Peer 1: 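First the structure, then my questions, so here it is.
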Amino acid sequence: MNKYQLVIMADDKQVVLERILQVTRYRGFLINAMNAEVNTGNNVATITMTVSSDRPISLLIDQINKLIDIKDVKVDASPTKIPQCSA
Amino acid sequence: MTESKTLTGSALLFEVLKEHGVQHVFGYPGGAIMPIYDALYDSDVKHFLCRHEQGAAFSAVGYARAAGKVGVCFATSGPGATNLITGLADALADSIPIVAITGQVPTSAMGSDAFQEIDIFGLSLACTKHSFQVTDINDLEEVLYQAFEIALEGRHGPVLVDIPKDIQLAAVTQRFDKLSHLKNKVKLPLADISKALELLTHAKQPILYVGGGVGMASAIDEVREFANKTGMPSVSTLKGLGAINPDNDNYLGMLGMHGTKAANIAVQESDLLVVVGARFDDRVTGKLDEFAPHAKVIHFDIDTAEINKRRTADAAILGDLKGNLPLLTMPLAIKAWQQKVQQMKTDFAWRYDHPGDNIYAPALLKTVSDLMPSNTCVTTDVGQHQMWAAQHMSFDDPSNFLTSGGMGTMGFGLPAAIGAQISRPHDTVIVISGDGSIMMNIQELATIKRYQIPVKIVLIDNAKLGMVRQWQDLFFDGRLSETDLSDNPDFVMLSRAFDIKSQKITKKSEVKAAIEEMLDHDGPYFLQVKIDATENVWPLVPPNTANDKMMEGV
Ligand SMILES: Cc1ncc(C[n+]2csc(CCOP(=O)(O)OP(=O)(O)O)c2C)c(N)n1
Ligand SMILES: [Mg+2]
């Protein structure tokens, strides 16, 4: 399994977190860690998420990007191999 | 149109529908949507009372697909809303633009397990392109505009707007069009045009693989021009049928699990796939690792997420097909390949000779196809009859063949045909259904009766859940489990109960006259066609098998 850190910028809308969680699970990624904060000045939420999967991360990025409320998705660090069966 | 005016949320909904040119809506009332139904009373929108919310959702889908417009449906909270879900899922899988409006309990009651309260907003996440719940009346107008925009933007899809009852009743000032539009559109990377040109000029055995995206991109002319100019042999998915002119000499028909032998073999032998508005669905590819194993791929799509999802593209061309495909439209030197493909087309052409007096469904469907007027819209249900319709009927436009592709939803055919007929009152609309599927939305015969919708229903009656029975025979040692329908209702009597003219036929000799009578009849018509329970759909690519290793009937 590969581990990735994603940084997602989103409009601070209802259910935007639920949408991200749903897409992440459905597309076959496990969430290892997650943090979400809102900048109340511009109503932009920043979500950082560590996910792991055997699937290419581009699959998840493309699908999260399709969510209407998403402004940007980036992979933060280069993927690191993690031992099997962890997370 | 610019001065503001004060009205209720419900009245505002109808103003926004009017602004979007919505003339027809399908729905079913209930407690939490009563203010909207009250405002309907004063509106010019024509509402069709379906007899189940699933029927309303599918009619909206059929309407959208037949007319190329957004379909709209209404349902109340709780069970009304959950009854829409199958239709929304179907629309998501097939990228159909519909807007579903659901009533919700008042905001003050939300989250209290109120009567007929269900979290439809939460439920919608997995079965819509996007959804909204309006909890501030001042957001309503913008949300409704965005709902229509999202349904049609990029890859089309269903949008749900959940409106609590107090929001429907609240006073609001209409601002008209001065609203913010979608900001967060997916940015498309640059297209690999030069790479694609290189692949194209080097290809000796290219295939054009046409999907449902072609019709939705209104790129039928461009795709036909490409097929003609390049002379490239073409194949189609279930949803792409009609995009290529069926008379094109190099067109091989449908590929995939029940595709033509010529289409599947040609794809397997190809050295280049030019994929337009298609997504390498598993029913198309068979065993993915062995699909078109020697082919490079040029993939045109509007949805970034489809590129490299199931098959790596050697050249990806994202964006509007209509603008992009002409960049690659040029003559190719592929005579030998064309000849080979045309030979296969002749060698493996469908045969309609069939022993005995009993009706042979493929031949019957071919006769319907030959006799139906031009621009007839055909809808289907799901099962053997659906695959026979795809194989043996010809369509000259994808909006003339409406079938549940991605979801394969039984119960689609009848309500989709109602929607199609309402959007295209002057065209003939025919449903090809099965005796299992028709019962899933049989209540819509009452909608047909009420509005005298002149839909023609052809019921392929094998007294079986035929497609499942076929698989049980082929892959489960003939252990027929729960697929027998020999105690079906008397369909002729049933349709008469809804004032629908009906007839049952059992012999080949009756086919032509019966179809003519049906097509000549002014109003709705129900033609029950008895066929043998043992007929199978051929060819068939078994699961997890390469497409050239198809099973064929005897
Ligand atoms: C809503 C739904 N439930 C179950 C299925 C699984 N299924 C696919 S085809 C089929 C049989 C359909 O029977 P019928 O409508 O009589 O068509 P036939 O195959 O006999 O032509 C079934 C049960 C489905 N596609 N959709
Ligand atoms: Mg049947």
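Convention: sequence-line order gives letters A, B, ...; per-chain numbering from 1. Everything numeric in this text was worked out from a predicted model, so none of it was measured.
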Peer 1: Is A/Gln22 in contact with chain B via its backbone, its side chain, both, or neither, using a 4.5 Å heavy-atom distance?
Peer 2: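 Contact with chain B is through the side chain of A/Gln22 alone.
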
Peer 1: If you measure from OG1 on B/Thr304 to CG on A/Asn65, what distance do you get to the nearest 0.5 Å?
Peer 2: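 If I round to the nearest 0.5 Å, the distance is 7.5 Å.
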
Peer 1: Can you see which heavy atom on A/Arg19 is nearest to which on B/Ser131, and at what distance?
Peer 2: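 Smallest heavy-atom distance, with atoms named: NH2-O, 2.9 Å.
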
Peer 1: Counting only heavy atoms not in B/Lys296 (residues, nucleotides, ligands), do more than 12 fall under 6.0 Å from its NZ?
Peer 2: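 Not buried by this count: 12 neighbours or fewer within 6.0 Å.
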
Peer 1: Tell me, for B/Asp303 versus chain A, whether the close heavy atoms (under 4.5 Å) come from the side chain, the backbone, both or neither.
Peer 2: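 Side chain of B/Asp303 only, per the 4.5 Å heavy-atom cut-off to chain A.
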
Peer 1: Output the distance between atom NZ (A/Lys66) and atom CD (B/Glu306), rounded to the nearest 0.5 Å.
Peer 2: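 Reported value, rounded in 0.5 Å steps: 6.0 Å.
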
Peer 1: Does B/Gln146 form a side-chain contact (heavy atoms from CB on, under 4.5 Å) with A/Ile68? I'd like the steps, not just the answer.
Peer 2: CA-CA 10 Å; B/Gln146 289 189 351; A/Ile68 304 293; over 6 Å; no

Peer 1: Of the backbone (N, CA, C, O) and the side chain (C-beta and beyond), which part of B/Thr135 lies under 4.5 Å from a heavy atom of chain A, both, or neither?
Peer 2: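 For B/Thr135, the contact with chain A is made by the side chain alone.
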
Peer 1: Is the shortest side-chain heavy-atom distance between A/Asp62 and B/Lys309 below 4.5 Å?
Peer 2: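 The answer is no; the side chains never approach within 4.5 Å.
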
